[in-house]
Amino acid sequence: MTVEDQLQNQPTITSARDLLGCVLTVGACSGLIVETEAYLGEGDRAAHAFGGRRTPRNSALYDAAGTVYVYQMRQYCLLKLVTQAKAVPQCVLIRALEPLTGLALMAQRRGVSGPALTNGPGKLCQALALTRADNATLLNRNRLCLSLMPARLPQTIGVAPRIGVPNKGEATTAPLRFFVQGNQYVSDMKRALVDQRGGWQ
């Protein structure tokens, strides 16, 4: 079964949880996904496709599952993966990675090391050198590769509201952010809560 089939054959919220522990690879650099957010399309006030909005900027959201959606926010690019069939603009934001390979190259690109390397959606895109040029490409057919067979399994999956979604009513408080509890690369993970095993089984 292809990545596209696996994604679109289940709800986007399920994909957001199941992506934790999966490996994302761009060239020599790779990492375990440790934090995601689900965006539920036309009825989701926090989604770029809310109300059926479609523009040249977000048109990749309306492509088939497995499409890469890269957009720019201030100086950073952010990465979302389309999760449903064509014309159903739902996706998962990849918020944080635990680096596996290419750490020196990622550190060179970011100018930092440690958790700050990839503990946020803009940071990980910079570390992986993802740009708007990667927008509307397909997983596993271009630069960005994803294995949907988890390399690690979380001990506990944390659930919380999405970050940076103010004043959107239900969309602000909806529990649509998922993360590996205790993993130091999760954004805003308190030091006192960091697990020595990274939150993995």
Tell me whether L103 is reachable from V186 by hopping between hydrophobic residues (I, L, V, M, F, W, Y) whose side-chain heavy atoms are closer than 4.5 Å.
yes

Would you call E35 and R177 a salt bridge, taking side-chain N to carboxylate O under 4.0 Å as the test?
yes

Would you say I33 and L97 make side-chain contact, with heavy atoms under 4.5 Å?
yes

Just verifying a value: how many Å separate L19 CG and I94 CD1, rounded to the nearest 0.5 Å?
5.0 Å

Considering only heavy atoms from C-beta outward, does the side chain of R17 approach that of V159 to under 4.5 Å?
yes

Are L79 and L100 connected in a single hydrophobic cluster, I mean Ile/Leu/Val/Met/Phe/Trp/Tyr linked by side-chain heavy atoms less than 4.5 Å apart?
yes

Atom CZ of residue position R57 - does it have more than 12 heavy atoms of other residues, nucleotides or ligands inside 6.0 Å?
yes

Could you tell me which non-hydrogen atom of Q84 sits nearest to which non-hydrogen atom of P11, and how far apart they are?
NE2-C, 4.0 Å

State, with a plain yes or no, whether a side-chain heavy atom of L7 is found less than 4.5 Å away from one of E4.
no

T36 vs L93, test: side-chain contact (heavy atoms from CB on, under 4.5 Å). Steps then yes/no.
CA-CA 5 Å; T36 62; L93 171 67; over 6 Å; no

Is there a continuous path of hydrophobic side-chain contacts, each under 4.5 Å between heavy atoms, that joins V92 to I157?
yes

Mind listing the closest non-hydrogen atom pair of A171 and A46 along with its distance?
CB-N, 3.9 Å

Taking Q201 for the side chain and P154 for the main chain, is one N or O donor matched with an acceptor at less than 3.5 Å?
yes

Separation between CD (E37) and SG (C91), nearest 0.5 Å, reads 10.0 Å

Starting at CG of N142, measure out to CG of D134 and round the result to the nearest 0.5 Å.
8.0 Å

Do the non-hydrogen side-chain atoms of Y39 and T12 ever get within less than 4.5 Å of each other?
no

Regarding N183 and E98, do their side chains bring together a donor and an acceptor under 3.5 Å, going by distance alone?
yes

Got more than 12 heavy atoms from elsewhere within 6.0 Å of CD, E170?
no

Do R143 and L130 make a side-chain contact, defined as non-hydrogen atoms from C-beta onward lying under 4.5 Å apart?
yes

Provide the closest heavy-atom pair for T118 versus K123 in the form atom of the first, atom of the second, distance.
CA-CB, 4.3 Å

C125 side, atom SG; M73 side, atom CE - distance, nearest 0.5 Å:
11.5 Å

Presence of salt bridge, D44 and R162, under 4.0 angstrom:
yes

Could you go through the side chain to side chain donor-acceptor pair (under 3.5 Å) check for R109 and Q126 one step at a time?
CA-CA 7 Å; R109 290 168 176 162; Q126 188 177 47; over 6 Å; no

Is the number of heavy atoms from other residues, nucleotides or ligands under 6.0 Å of E42 CD greater than 12?
yes

Do Y69 and L81 make a side-chain contact, defined as non-hydrogen atoms from C-beta onward lying under 4.5 Å apart?
no

Indicate if V3 and L24 have the same hydrophobic cluster label, given that clusters are the connected sets of ILVMFWY residues with side-chain heavy-atom separations under 4.5 angstrom.
yes

Any side-chain to backbone donor/acceptor pair from S187 onto G120? Under 3.5 Å, distance only.
no

Less than 4.5 Å apart, any side-chain heavy atom of Y62 and any of T67?
no

Within the structure provided, determine whether V180 and W200 are in side-chain contact (heavy-atom separation under 4.5 Å).
yes

Minimum heavy-atom distance between G41 and A47, given as atom pair plus value
O-CB, 3.5 Å

Verify same cluster id: L146, L144 (apolar side-chain graph, 4.5 Å)
yes

Distance (rounded to the nearest 0.5 Å) between L124 CG and Y185 OH:
12.5 Å

Nearest heavy atoms of S15 and Q10, plus distance in Å
OG-NE2, 3.0 Å

Tightest non-hydrogen contact, residues D63 and V82, listed as O-CG1, 3.4 Å

Give, for atom CZ of R53 and atom CG of L61, the distance between the pair rounded to the nearest 0.5 Å.
10.5 Å

Consider only side-chain N and O atoms of Q181 and T156, and report whether a donor and an acceptor are under 3.5 Å apart.
no

May I ask you to decide if S30's main-chain N or O and T25's side chain share a donor-acceptor pair within less than 3.5 Å?
no

Flag yes if more than 12 heavy atoms outside Q196 fall under 6.0 Å of its CD atom; otherwise flag no.
no

